[in-house]
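Hydrogens, waters and symmetry mates are skipped; everything else that's a heavy atom, side chains included, is used. All of these numbers come straight from a predicted model, not from anything done at the bench.
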Amino acid sequence: MPYVVEAETRARNLAIHGRILSLKQDPDYLHYKTTWPGFTTGVPGSPDIKEEEKPTEQHSSSDDTEQLLRHYFSLKHNAAELYELWSQNDLNFRKKAPKFTGIRIMSQDAWETLIGFICSSNNNISRISQMVHKLCRYYGPLIGHIGEEPFHDFPGPQALMGKGVESQLRELGFGYRAKYIAETARLVSEEKPRGWLESLTNPKNPGFGAEEDPELGRATYKEAHEQLLTLSGVGPKVADCVCLMGLGWGEAVPVDTHVWQIAQRDYKFGKVKTKTFSKAMYDSVGDHFRKIWGDQAGWAQSVLFTANLKSFSDRSIAKVEVDEVKVKIEDTVSETPDVLKTPKPRSPRKRQVTALETVKVEEIGTASGTITRSKRRRLQST
DNA sequence: TACAACCCTGTATG
DNA sequence: ACATACAGGGTTG
């Protein structure tokens with residue numbers, strides 16, 4: 001069965017878990033290179049990681065990056081099997097979804113996911129990405145450089161809590177979300193018990209590096225969702241995004257305007273006179289999808305969501321089919337950073353695309369990997 | 001339960 | 001050209 005891949009894959013750099021990763025994908029492999037800070041004992045989230053002379057590379061014997069990537073892209077799940085399951089239980093999915101492969105739910109850091117999706121309300125992907133990038137640049141600990149470009153990890157709750165934070169974030173263009181971020185940071189840092197957010201993790205799907213913590217993950221999905229609603233700027237949709245992508249709850253189904261329209265159009269959820277739908281209706285939609293799609297309902301939702309986007313409706317044209325391609329080891333990939341014209345990543349987690357030096361080739365699996373958002377002309381209806 | 005208001009940016013429409 | 005409207009994976013009071 002041929003893979004369907006983007007015709008061109010560019011290397012992407014991102015700060016994650018206290019290191020810089022350079023990622024590149026081809027039909028068979030995800031290639032990665034790890035750049036560690038000179039000083040590797042620092043904890044991500046603490047603001048005092050110092051960079052020393054040149055970033056050093058760690059050797060694979062003690063490198064947990066492959067494990068990190070398998071977790072980050074949720075590679076333990078078999079996409080083909082799940083698509084088959086969803087298709088058998090749902091004729092609408094069977095009709096619309098098969099072309100949209102390569103979509104995966106990521107497992108990102110819970111705190112970063114939370115703040116990232118607070119930024120997402122009534123907002124567009126491009127600006128969300130810029131906002132997350134600004135949070136890292138202005139408040140996050142420096143990990144190191146790739147060329148001239150500095151890479152910062154995502155700032156912890158303490159760093160986003162100060163009194164000046166809200167006004168500064170407003171100046172940085174965060175709008176009304178500035179208050180939500182500062183207030184949520186204060187709540188998590190001071191009002192909630194230590195480790196509160198992590199304790200909402202799905203025990204069957206623990207976060208990276210937290211496998212052995214017995215204190216973690218006593219909650220159920222519904223409890224986790226309910227708890228998140230106590231934060232500022234977190235409604236049912238954002239709470240489900242955090243449950244799904246930050247806390248390992250595969251059954252979480254974020255219901256936004258698009259999914260609500262899909263539910264009404266394709267799943268017999270009655271048309272309603274009101275502009276906004278109620279919390280009861282929100283829960284009802286999620287419950288219905290959980291019933292027909294099962295414990296990875298959030299993934300199925302994401303596939304249908306993507307299939308429903310106009311900007312992806314010509315996906316089959318934008319792709320090329322490849323039967324088999326040999327793995328290439330590229331010594332250098334030069335690329336001129338072009339912030340304005342580079343398609344923005346779909347995930348608010350990704351930071352920047354820059355030049356890559358050397359690529360260490362390692363197999364980490366044959367999953368089709370992430371999608372990137374194409375900057376196609378958007379055809380507005382009505 | 002039902003809105004308007006909320007920050008800001010890009011796109012469509014007149 | 002320039003104004004106005006509206007969407008953009010919502011939440012709050």
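When ring centroids are compared, A:H288 and A:F269 come within the 6.0 Å threshold.
Contact annotation: A:R127 does not reach the phosphate of B:dG10 (side-chain N/O to OP1 or OP2, under 4.0 Å).
What separates CG of A:L231 from P of C:dT11 is a distance of 12 Å, to the nearest Å. Rounded to whole angstrom, the span from the CZ atom of A:R177 across to the C1' atom of C:dT11 amounts to 10 Å. Here the C1' atom of nucleotide B:dC6 and the NZ atom of A:K179 are 10 Å apart, to the nearest Å. To the nearest angstrom, P of C:dG9 lies 11 Å from CZ of A:F117. Residue A:I118 contributes atom CD1, which lies 18 Å from atom P of B:dC8 at whole-angstrom precision. Across the protein-nucleic acid pair, A:I181 atom CD1 and B:dC7 atom C1' stand 12 Å apart, rounded to whole Å. At whole-Å resolution of the value, CD1 in A:I128 and C1' in C:dG8 are 8 Å apart. Distance CG (A:L309) to P (C:dG8): 9 Å, rounded to an integer number of Å.
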The test is side-chain hydrogen bond (donor to acceptor under 3.5 Å, both in side chains); show your working for A:Q130 and A:S126 and say whether it passes. CA-CA 6 Å; A:Q130 294 176 56; A:S126 171; 3.3 Å; yes
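Contact check on A:K291 versus A:D287 returns no salt bridge, with no Lys/Arg side-chain nitrogen under 4.0 Å from an Asp/Glu carboxylate oxygen. Taking a cutoff of 4.0 Å between a charged side-chain nitrogen and a carboxylate oxygen, A:K222 and A:E226 do not qualify as a salt bridge.
C:dC6 and B:dC3 are spaced 16 Å apart, taking the P atom of each and rounding to whole Å. Atom name C1', nucleotides B:dC7 and C:dC2: the rounded distance is 23 Å, in whole Å. On the P atoms, C:dG9 is 23 Å away from B:dA5, given to the nearest whole Å.
Under 3.5 Å, the side chain of A:Y282 and the base of C:dG10 form no donor-acceptor pair of N or O atoms.
Checked by atom type and distance alone, the side chain of A:Y282 pairs as donor or acceptor with a backbone atom of A:V255 at under 3.5 Å.
Of the listed nucleotides (C:dG9, C:dT11, C:dG10), C:dG10 has the atom at the smallest distance from the side chain of A:N122. Closest contact between the side chain of A:S302 and the listed nucleotides C:dG8, C:dG9, C:dG10 involves C:dG9.
Under a hydrophobic clustering in which Ile, Leu, Val, Met, Phe, Trp and Tyr are joined whenever their side-chain heavy atoms come within less than 4.5 Å, directly or via other members, A:W111 and A:V238 fall into the same cluster.
Along DNA chain C, the nucleotide nearest to A:S120 and the one nearest to A:V234 differ in position, and the one closer to the 5' end is contacted by A:S120.
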Taking only Watson-Crick and G-U wobble pairs with both distances under 3.5 Å, what dot-bracket line describes DNA chain B, where [ ] shows pairs that cross earlier ones and | shows pairs with another strand? ..||||.|||||||
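Non-hydrogen atoms lying under 4.0 Å from DNA chain B are contributed by nothing in residues 249-264 of chain A.
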